[in-house]
Amino acid sequence: MDSRHDITLTFSYADERRARTVAESIRIEEGEIADDRSTVTVERDDQTVRVRVAAADLVALRAGVNTWTRFVAVAERIADRAA
């Protein structure tokens with residue numbers, strides 16, 4: 001895939017445990033969504049989770065951003081309930 005467009009979404013948390021929980025929850029989806037128009041990488045550094053979406057076109061970029069922000073939101077809600 002030729003990625004002409006990319007964005008990095010950054011999510012900061014109050015503690016490293018919460019960031020780790022969110023990152024591990026969404027990272028399992030990192031290679032599972034089959035799409036030859038976009039890719040994603042999930043990284044965590046202490047209290048920060050970064051999700052980089054790269055896409056061949058703006059429509060695929062928007063779709064990727066929507067998908068991954070939903071994944072993060074769900075992971076955050078689950079982490080809240082588990083706490």
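Being a predicted model, the structure only gives us computed values, none of them experimental.
- Look at Arg52 and Asp6 and you find a salt bridge, because one of the NZ, NE, NH1 or NH2 atoms lies within 4.0 Å of a carboxylate O, short of that distance.
- Taken to the nearest 0.5 Å, the CG atom of Leu9 stands 13.0 Å off from the CZ atom of Phe71.
- In this structure, Thr39 OG1 and Glu30 CD are separated by 9.0 Å, a value rounded to the nearest 0.5 Å.
- In this structure, Ser38 OG and Leu61 CG are separated by 8.5 Å, a value rounded to the nearest 0.5 Å.
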Original post:
Yes or no on side-chain contact (heavy atoms from CB on, under 4.5 Å) for Val51 and Thr8, after CA distance, side-chain angles and deciding distance?
Top reply: CA-CA 6 Å; Val51 178; Thr8 300; over 6 Å; no
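- For the pair Glu16 and Gln47, the tightest heavy-atom approach, listed with the atom from each and the gap, is N-CG, 3.5 Å.
- The closest donor-acceptor contact from the side chain of Asp57 to the backbone of Ala60 lies under 3.5 Å.
- Side-chain atoms of Arg44 come within 3.5 Å of backbone atoms of Asp46 as a donor-acceptor pair (strictly under, hydrogens ignored).
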Original post:
What's the verdict on salt bridge (Lys or Arg N to Asp or Glu O under 4.0 Å) for Arg20 and Asp15, showing C-alpha distance, side-chain angles and the deciding distance?
Top reply: CA-CA 9 Å; Arg20 184 178 61 243; Asp15 57 54; over 6 Å; no
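- Distance check: Arg77 CZ to Ser25 OG gives 12.5 Å after rounding to the nearest 0.5 Å.
- The side-chain heavy atoms of Arg18 and Asp80, taken from C-beta on, include a pair separated by under 4.5 Å.
- For the atom pair CD1 (Ile7) and CG (Leu58), the distance works out to 10.5 Å, reported to the nearest 0.5 Å.
- Closest approach of Val42 and Ala23 over heavy atoms only: CG1-O, 4.1 Å.
- Val49 places none of its side-chain heavy atoms less than 4.5 Å from the side chain of Val72.
- A parallel orientation is assigned to the rings of Phe11 and Tyr13, their planes being inclined by less than 30° (bins at 30° and 60°).
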